[in-house]
Engineer: 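Would you mind keeping the following structure in view while I ask a few things?
Lettering of chains follows the sequences in order, A, B, ..., and the numbering in each one begins at 1. Just so you know, these numbers use all the heavy atoms, side chains as well, and skip hydrogens, waters and symmetry mates. Owing to the predicted nature of the structure, the values given are computational and were not obtained by experimental measurement.
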Amino acid sequence: MSVKRLAPVDVVVVGAGLGAAAFTRHLAEAAPSWSIVVLERGGWVDRAALPALRPDFQRDVLGPYATSPNVRLAAGGIAPSADYAVDDSESDFKPLMWSGVGGSTINWAAHFPRFHPSDFRTRTLDGVGDDWPFSYADLEPFYDLNDARFGIAGLAGDPAYPPKPERPMPPIALGKLGMTAARGFDRLGWHWWPVDSAINSRVHHGRPACNHCGPCQQGCVTGAKASTDMTHWPEAIARGVEMRTGAVVLQVEIAAGRVTGVTYRTAEGDVFQPAGTVVVAGNGVGTARLLLASGVTAPALGRNLMYHGAGYVRGFFAEDLDGPVGPTGCSIYSHEFYETDRSRGFVRGVHLQATRENPLAVQAARLARPWGEEAHAALLREFRRSMAILVVNEDLPESENHVALTGETAADGLPGVKVVYRLSDHSRRALDFGLDRAEDMLRAAGAVETVRVPLAPFTGWHLLGTARMGTDPATSVTDGSGRVHGVSGLLVADGSLFTTSAAVNPGSTIGAVATKVADDLARAAA
Amino acid sequence: MSATFDDAVLDTLFPGLGTIPPASRAGLDASAVLARHGPVLTAIEAAAGGEAAFLAADPGRRADLLEAVGHSDPAAFQALVLAVSALYHASASVVEAYGWVARAPQPEGFAVEAPTDEAEAARLLGKVRARRQIWRA
Ligand SMILES: Cc1cc2nc3c(=O)[nH]c(=O)nc-3n(C[C@H](O)[C@H](O)[C@H](O)COP(=O)(O)OP(=O)(O)OC[C@H]3O[C@@H](n4cnc5c(N)ncnc54)[C@H](O)[C@@H]3O)c2cc1C
Ligand code: SF4
């Protein structure tokens with residue numbers, strides 16, 4: 001097949017997800033004269049086609065709009081997410097993502113916590129993982145910038161964090177579920193706080209307030225939930241960035257230790273886009289896949305895959321809570337056990353998060369025995385009366401947990417990809433501790449029964465660490481500015497940069513780090 | 001396989017309970033799902049010793065037969081169960097029988113109740129706020 005050659009540009013960004021958006025939005029402002037092209041394999045979401053507008057939306061939650069690309073593909077695939085299959089047969093968690101403009105912010109829950117300062121120094125403080133090449137204080141201005149670009153609802157004064165800027169919107173309504181959880185934490189004397197969420201609790205930045213419809217992870221019809229197709233890309237495009245959708249990047253072209261551009265596939269054929277700088281932001285799976293396919297040889301590339309260990313305790317209450325309404329992941333959380341306490345038998349900590357109920361069909365699918373008369377009895381007992389406490393622990397970087405190429409060519413033209421991941425003993429101990437605390441809390445909150453889910457496979461929301469930052473090329477892929485060691489002009493700007501994972505959702509930190517990467521690039525060129 | 005057999009399997013998976021209708025009367029169009037999972041239905045028929053034998057069996061025996069098929073090929077059986085479950089629990093009559101409203105979540109959305117005692121949330125938060133710093137510098 002002949003390859004069409006285009007005129008050169010200054011910067012090509014691969015992917016239009018969270019990291020790519022934060023990077024590009026910032027670079028377009030910091031280096032306004034640069035020509036920037038974004039290549040995204042998927043398309044724009046049509047909000048009028050999202051499931052929440054259909055009475056039978058629940059079917060889509062478990063099929064064509066599931067959070068797993070493999071499940072979506074099995075259900076026939078949907079146009080705006082240009083999914084690729086990921087062989088997850090050797091992974092305890094199943095990777096979840098969205099491949100289109102907005103990336104995984106299209107189906108994220110928009111819970112928006114920051115890392116703690118200690119999360120950047122795990123080696124120094126606790127002798128595990130590695131220190132990041134910069135500190136919380138270094139990243140803080142970029143957290144603040146990126147927060148403002150997303151638009152955050154939350155409440156100042158949380159003692160679990162250094163002071164953050166005043167949030168422009170109050171927290172999402174706690175509802176009965178949030179208040180019940182708050183009372184539980186309070187009875188035990190534990191920390192709790194309303195989460196920071198990238199969801200409008202009132203009209204903000206031209207987007208409406210959340211109307212608590214429920215299925216955030218199938219895309220937000222109203223646009224109340226921030227996703228970068230609404231928050232970052234329109235502004236970047238207004239500043240001259242060119243977005244090309246339906247463009248699967250097959251290869252980062254490298255000659256004599258320097259990038260020359262990328263080759264990508266469109267419906268019309270293959271194209272070579274020359275560029276001085278190539279920035280890969282395809283997430284912890286997509287970035288590793290592309291860089292491995294491009295012959296980048298950094299020993300840490302694809303290694304140290306971190307998802308976060310995750311399990312639940314589900315509590316059933318005698319009285320009705322709110323039912324399947326409100327943003328699933330955005331209620332209250334506790335960091336009572338976040339920082340290291342060696343008497344627990346492990347270092348680092350756990351995050352506890354009260355999560356809202358799912359639609360009936362999703363609750364039903366999670367029953368231990370999901371059919372027969374017993375299923376009705378179980379579902380009647382829990383529907384509208386349940387709360388799950390999600391336990392997330394700090395997943396430490398381990399070389400054996402990795403992303404690899406399968407050796408076959410996939411339907412999109414790239415090599416097939418697989419993830420290999422086993423939950424470590426460290427994570428198991430931390431999760432078990434967190435699950436015990438979640439049970440304590442649910443009982444204190446008045447739950448009449450609790451059910452423990454020690455490991456929840458479909459929680460592979462966070463794809464981190466496979467092109468990690470560091471100072472040593474033997475153990476890291478990029479430096480602290482996202483520049484790939486040994487390949488001039490090649491950068492990474494997404495979740496794969498994470499040196500360690502902390503025990504909180506990564507979105508806010510991905511955005512801050514990608515903003516910093518853009519800032520460093522613009523400064524270096526100035 | 002006859003429609004009666006299909007209905008009997010569906011109702012064994014999701015029988016009625018009180019006001020909750022059995023799957024065959026919940027207004028599902030399960031034909032595509034059943035076609036996709038045809039081998040599981042064939043296995044159920046074979047385990048029963050034929051379609052007529054399955055239809056003649058009482059509900060307890062039918063459930064035992066499904067259980068046995070589930071043991072011999074758990075992945076295939078689970079896939080059938082989850083596919084039917086998604087259709088069944090999304091059907092308006094089932095959602096309503098569970099006490100929920102059967103409509104699209106949008107554009108109306110839902111109300112999330114404010115705490116009955118606004119002051120309570122503030123009071124509880126005040127106690128947490130007073131802890132000043134629990135993060136490690
Ligand atoms: C269901 C779900 C819920 C989540 N909830 C939360 C939450 O509440 N809070 C939180 O902080 N995080 C959450 N996350 C995680 C968060 O969304 C991700 O961590 C974040 O979006 C990752 O950003 P990224 O830039 O690394 O990659 P992504 O946002 O995944 O973007 C990668 C983009 O690259 C594109 N791409 C990949 N390869 C190529 C290629 N070869 N050519 C062209 N394009 C390519 C993809 O199509 C995709 O659009 C959730 C994720 C999911 C799936
Ligand atoms: S609950 Fe709110 S944020 Fe979530 S999808 Fe509905 S309107 Fe959007």
Engineer: Check whether B:Phe54 forms a cation-pi arrangement with B:Arg62 (NZ or CZ under 6.0 Å from the six-membered ring centre, at most 45° off the ring normal).
Structural biologist: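 Ring-cation test returns yes.
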Engineer: Of the listed residues (A:Asp56, A:Val221, A:Asp320), which shares the most heavy-atom pairs with chain B below a 4.5 Å separation?
Structural biologist: A:Val221
Engineer: Does a salt bridge link A:Asp322 with A:Arg384, judged by any charged N lying under 4.0 Å from a carboxylate O?
Structural biologist: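 Salt bridge flag = no for A:Arg384 with A:Asp322.
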Engineer: Any side-chain donor paired with an acceptor under 3.5 Å for A:Asp119 and A:Tyr338?
Structural biologist: yes
Engineer: Which of parallel (below 30°), tilted (30 to 60°) and perpendicular (above 60°) describes B:Tyr98 and A:Phe383?
Structural biologist: perpendicular
Engineer: Can you see whether A:Asp158 engages A:His335 through a side-chain donor-acceptor pair at a distance of less than 3.5 angstrom?
Structural biologist: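 On atom types as modelled, these side chains do not qualify, holding no pair under 3.5 Å.
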Engineer: For A:Trp192, which atoms come within 4.5 Å of any heavy atom of chain B: side chain, backbone, both, or neither?
Structural biologist: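 The answer is both parts of A:Trp192.
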Engineer: With side chains defined as the heavy atoms from C-beta onward, is the minimum distance between A:Leu125 and A:Asp131 less than 4.5 Å?
Structural biologist: no
Engineer: Between B:Phe14 and A:Glu373, is any pair of side-chain heavy atoms under 4.5 Å apart?
Structural biologist: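 A side-chain contact under 4.5 Å is absent here.
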Engineer: With a 4.5 Å cut-off on heavy-atom pairs, point out which of B:Val81, B:Leu82, B:Leu87, B:Leu125 contacts chain A the most.
Structural biologist: B:Leu125
Engineer: Looking at B:Ala137, B:Ala111, B:Pro105, which one has more heavy-atom pairs under 4.5 Å with chain A than the rest?
Structural biologist: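 Most heavy-atom pairs within the cutoff with chain A belong to B:Pro105.
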Engineer: Heavy-atom distances under 4.5 Å only: say whether A:Ala156 touches chain B with side chain, backbone, both or neither.
Structural biologist: backbone
Engineer: Write down the atom of A:Arg356, the atom of A:Ile172, and the distance for their closest heavy-atom approach.
Structural biologist: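 Where A:Arg356 meets A:Ile172 most closely, the heavy atoms are NH2-CG2, 3.7 Å.
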Engineer: Do you know which of A:Gly178, A:Ala160, A:Cys210, A:Pro370 has the most heavy-atom pairs under 4.5 Å to chain B?
Structural biologist: A:Ala160
Engineer: Heavy-atom cut-off 4.5 Å, strictly under: side chain, backbone, both or neither for B:Arg136 against chain A?
Structural biologist: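 When you check distances to chain A, atoms from both the backbone and side chain of B:Arg136 fall under 4.5 Å.
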Engineer: Please flag which part of B:Ala97 lies under 4.5 Å from any non-hydrogen atom of chain A: side chain, backbone, both or neither.
Structural biologist: neither
Engineer: Answer with side chain, backbone, both or neither: which region of B:Ile20 has an atom nearer than 4.5 Å to a non-hydrogen atom of chain A?
Structural biologist: side chain
Engineer: Pick one of side chain, backbone, both or neither for A:Pro215, based on which atoms fall under 4.5 Å of a heavy atom in chain B.
Structural biologist: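 Only the side chain of A:Pro215 comes within 4.5 Å of chain B.
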Engineer: Contact part of A:Glu339 toward chain B, heavy-atom cut-off under 4.5 Å: side chain, backbone, both or neither?
Structural biologist: side chain
Engineer: So what's closer than 4.5 Å to chain A heavy atoms on B:Arg129: side chain, backbone, both or neither?
Structural biologist: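 Both parts, heavy atoms under 4.5 Å.
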Engineer: Which atoms of B:Glu67 come close to chain A, meaning under 4.5 Å heavy atom to heavy atom: side chain ones, backbone ones, both, or neither?
Structural biologist: both
Engineer: Please state whether the side chain, the backbone, both or neither of A:His376 comes within less than 4.5 Å of a heavy atom of chain B.
Structural biologist: both
Engineer: Is there a donor-acceptor contact under 3.5 Å linking the side chains of A:Glu357 and A:Ser386?
Structural biologist: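 Yes - a donor-acceptor pair under 3.5 Å links their side chains.
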Engineer: Does A:Val362 reach the side chain of B:His89, with side-chain heavy atoms less than 4.5 Å apart?
Structural biologist: no
Engineer: Name the member of B:Ala63, B:Ser85, B:Ala92, B:Ser91 that forms the most heavy-atom pairs with chain A at distances under 4.5 Å.
Structural biologist: B:Ala63
Engineer: Name the option with the most non-hydrogen atom pairs under 4.5 Å to chain B; the candidates are A:Ala365, A:Gly372, A:Gly189, A:Gly326.
Structural biologist: A:Gly372
Engineer: Are A:Arg385 and A:Glu319 close enough for a salt bridge, meaning some N to O gap below 4.0 Å?
Structural biologist: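 No.
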Engineer: A:Leu62 versus chain B, heavy atoms under 4.5 Å apart: side chain, backbone, both or neither?
Structural biologist: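 For A:Leu62, side-chain heavy atoms alone lie under 4.5 Å from chain B.
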Engineer: Below 4.5 Å, heavy-atom pairs only: which of A:His212, A:Arg54, A:Arg121, A:Lys176 has the largest tally toward chain B?
Structural biologist: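 When all of A:His212, A:Arg54, A:Arg121, A:Lys176 are compared, A:His212 has the most.
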Engineer: If we define contacts as heavy-atom pairs under 4.5 Å, which of A:Pro55, A:Gly323, A:Pro162 has the most with chain B?
Structural biologist: A:Pro162
Engineer: Honestly, is A:Arg59 close enough over B:Tyr88, meaning NZ or CZ under 6.0 Å from the six-membered ring centre and within 45° of the axis?
Structural biologist: no
Engineer: Tell me which pairs pass salt bridge (Lys or Arg N to Asp or Glu O under 4.0 Å) where either residue lies in residues 23-37 of chain B, with sequence neighbours left out.
Structural biologist: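 The answer is none; no pair qualifies.
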Engineer: Which answer fits A:Leu379, side chain, backbone, both or neither, if we ask what part of it has an atom under 4.5 Å from a heavy atom of chain B?
Structural biologist: both
Engineer: Which bit of A:Arg369 comes within less than 4.5 Å of chain B, counting heavy atoms only: side chain, backbone, both or neither?
Structural biologist: side chain
